[in-house]
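The structure appears right after this line, and notes come after that.
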2 protein chains.
Amino acid sequence: MNSKGRVQSIDRAIAVLNCFSLKRQELRLTEIADELDLNKSTAHGIITTLKYHGLIDQDEESQKYRLGLKLLELGGIVKESIGIREIAKPYIDEIRSKLEETVHLGTLDKKEVVYLEKAESHQSMRIVTTIGSRMPAYCTGIGKAMLAYVDEQTVLDLLPDEIERFTPNTITDKNQLIEELKKIRDQGYSLDNQEHDLGLTCVGAPIFDNLGNASYGISVSGPSIRITEDRIKEIITIVKDAADKISRELGYCE
Amino acid sequence: MNSKGRVQSIDRAIAVLNCFSLKRQELRLTEIADELDLNKSTAHGIITTLKYHGLIDQDEESQKYRLGLKLLELGGIVKESIGIREIAKPYIDEIRSKLEETVHLGTLDKKEVVYLEKAESHQSMRIVTTIGSRMPAYCTGIGKAMLAYVDEQTVLDLLPDEIERFTPNTITDKNQLIEELKKIRDQGYSLDNQEHDLGLTCVGAPIFDNLGNASYGISVSGPSIRITEDRIKEIITIVKDAADKISRELGYCE
DNA sequence: ATATTTCATTCAGTATTGTCGAACTTAATT
DNA sequence: AATTAAGTTCGACAATACTGAATGAAATAT
């Protein structure tokens with residue numbers, strides 16, 4: 001057993017799975033072994049095991065490896081087990097049809113936002129994401145809406161020493177971010193003005209559970225050119241209203 | 001290393017993940033350890049590792065374990081990597097709006113069908129499944145449509161000695177099944193007449209890739225009371241037509 | 001055609017590592 | 001306060017995973 005009470009070979013197996021991403025869907029054994037600094041035959045044993053159980057598939061022709069269908073099954077179980085999804089879905093759909101912009105439901109996992117559910121805009125220029133995908137919390141609508149209700153010291157601990165800058169608008173100063181979170185708490189909504197992607201604006205609001213914790217968030221994301229100054233008031237009202245209604249369904253009483 | 005070239009602790013870790021299902025979303029350490037015949041502390045080490053990486057979450061209050069959000073992420077990558085989904089989605093949606101029944105895209109994994117994409121009927125009595133979930137191939141629309149193009153001996157090898165009966169209509173005789181598959185090949189479509197669930201009827205058709213392999217299938221599933229004799233001809237035409245069009249988009253030439 | 005390179009895969013010996021059992025906590029129940 | 005039933009921690013030992021080298025297979029270069 002590892003010093004931290006973990007099992008080395010399982011750590012390594014998961015590291016193998018983590019080598020894959022939307023951008024790197026196919027990998028060779030050698031690539032994986034090199035990346036993780038594993039002996040080729042060690043990596044081979046791990047991959048053989050993952051493959052046997054369907055967590056990894058191997059292309060017969062190219063011999064390359066990719067994530068396996070078993071993960072689709074496991075992911076499906078996780079998705080179904082997220083109770084908030086069913087509750088929030090009608091509200092998300094309603095916002096989408098009102099605004100015709102992409103709407104997300106998400107939650108905080110450490111310093112990241114995980115998207116749990118979505119309703120995509122039908123417009124040809126629209127925001128597209130994958131359920132289960134992650135984004136840094138400090139520069140996204142849902143992320144900031146939720147961070148605003150996390151204890152300040154915890155927020156500071158979550159953030160790395162050097163906050164990564166994605167655009168000129170990214171808030172990289174910790175004090176400034178803390179101020180921003182205060183403001184969000186006062187207003188009850190968050191605004192991501194192109195802080196992660198240029199041209200992408202986002203309005204978020206927190207959802208509270210029966211214990212009063214801001215455990216989820218929703219947001220509307222669209223091209224900045226459509227989420228304009230004069231439209232934003234309306235969007236904020238709609239998002240806050242939906243978030244409040246979902247909170248109430250979760251048993252939250254203010 | 002295991003006799004089969006696999007890594008024991010990874011085998012066990014995956015066995016732990018497989019303990020969970022839609023029906024068993026929360027488990028205790030002891031339950032898992034008992035089920036897999038592992039020492040409690042062995043199971044604990046494995047679970048600690050899975051938890052550290054987010055493949056398993058632990059409820060703070062009840063201490064119970066459940067599958068973690070990381071699996072949602074990995075499942076999302078798998079889903080995005082399935083190219084056929086994007087191609088087939090418009091056709092699936094079209095069938096759904098024509099028939100207002102649930103439509104599936106699926107593939108064969110050994111002896112099981114895996115659902116890759118769906119469009120759900122809007123009617124209140126409708127078929128609901130989860131993407132990534134599995135069904136035995138020999139008693140489902142997509143499954144039979146695809147098995148019909150698998151080499152007969154391989155089909156026989158896939159099937160267990162005793163074919164499980166789910167309803168009075170389940171085909172449990174191997175010879176009869178082989179005959180059924182021949183018929184399906186002739187007709188170009190499959191019919192699942194309440195073979196897995198009483199009251200559920202399903203029309204399926206195979207999709208061929210550029211190499212001529214029946215590598216996917218689509219199906220329409222609905223309550224038998226709506227998928228009636230006089231409606232079925234129309235459904236068959238629609239399903240076959242869509243399957244053909246998708247096959248052509250994949251580069252299949254007859 | 002043959003040599004060369006680049007992969008994936010297999011194998012046996014060794015030392016690292018995972019596993020076991022027992023002890024310890026914590027919380028709920030009697 | 002005692003008892004049960006859970007999760008967690010720890011040290012010792014032996015089973016197990018890992019290494020490194022050899023083998024196979026396929027593609028590319030000569």
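To find a chain, count down the sequence lines: A is the first, B the second, and so on, and within it residues start at 1. FYI, side chains are in, hydrogens and waters are out, and symmetry mates aren't considered; it's all heavy atoms of this structure.
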To the nearest angstrom, the CD-P distance between A:Glu60 and C:dT9 comes to 11 Å
Do the side chains of A:Tyr91 and A:Ile218 get nearer than 4.5 Å, heavy atoms only? no
Please pick, from D:dT9, C:dT10, D:dC18, the nucleotide with the shortest atom-to-atom distance to any side-chain atom of A:Ser41. C:dT10
Measuring from the side chain of A:Ser9 (C-beta onward, heavy atoms only), which nucleotide among D:dT19, D:dT9, C:dG18 has the closest atom? C:dG18
Nearest-Å distance for atom pair CD1/P, residues A:Ile47 and C:dT10: 13 Å
Within a strict 4.5 Å, meaning less than it, do heavy atoms of the B:Tyr65 and B:Leu29 side chains meet? yes
To the nearest angstrom, the NZ-P distance between B:Lys64 and D:dT8 comes to 14 Å
To the nearest angstrom, how far is A:Gln8 atom CD from D:dA15 atom C1'? 15 Å
Round to the nearest Å and state the distance from A:Ile32 atom CD1 to C:dT9 atom C1'. 15 Å
Roughly how bent is the helix from C:dA1-D:dT30 to C:dT30-D:dA1 end to end, in steps of 10 degrees, with each end axis from five pairs? 40°
Would you indicate which nucleotide in C:dT17, D:dG7, C:dT10 comes nearest to any side-chain atom of A:His44? C:dT10
Is there side-chain contact between A:Tyr52 and B:Val7, with heavy atoms separated by less than 4.5 Å? no
Return the nearest nucleotide to the side chain of A:Gln63; candidates are C:dT17, C:dC20, C:dA8. C:dA8
B:Glu61 atom CD is separated from D:dA6 atom P, nearest whole Å, by 18 Å
Side chains of A:Cys202 and A:Thr140: closer than 4.5 Å at any heavy-atom pair? no
With the side chain of B:Lys40 defined as its heavy atoms from C-beta on, choose the nearest nucleotide among C:dG18, C:dA8, D:dG7. D:dG7
A:Tyr149 side chain near A:Asn213 side chain, heavy-atom distance below 4.5 Å: no
Considering heavy-atom distances to DNA chain C, does A:Thr48 or B:Asn39 have its closest nucleotide positioned more toward the 5' end? A:Thr48
Counting C-beta onward and ignoring hydrogens, is there a side-chain heavy-atom pair between B:Arg134 and A:Leu69 closer than 4.5 Å? yes
Provide, to the nearest angstrom, the distance between the CG atom belonging to A:Asp57 and the P atom belonging to C:dA8. 16 Å
Check B:Lys70 with B:Glu73, please: is the shortest side-chain N to carboxylate O separation under 4.0 Å? yes
Taking atom C1' of C:dG18 as reference, at what distance in whole Å does atom CD1 of A:Ile46 sit? 14 Å
Among D:dA17, D:dG7, C:dA8, the one nearest any side-chain atom of A:Tyr65 is C:dA8
Out of D:dT19, C:dA8, C:dC20, which has the shortest distance to the side chain of A:Thr30? C:dA8
With nearest nucleotides of DNA chain C determined for B:Arg12 and A:Leu29 from heavy-atom distances, which residue corresponds to the more 5′ nucleotide? A:Leu29
Touch check for B:Gln58, heavy atoms < 4.0 angstrom, all strands: base, sugar-phosphate only, or nothing? sugar-phosphate
Does any pair with a residue in residues 28-37 of chain B pass side chain to side chain donor-acceptor pair (under 3.5 Å), and if so which ones, sequence neighbours excluded? B:Arg24-B:Glu35
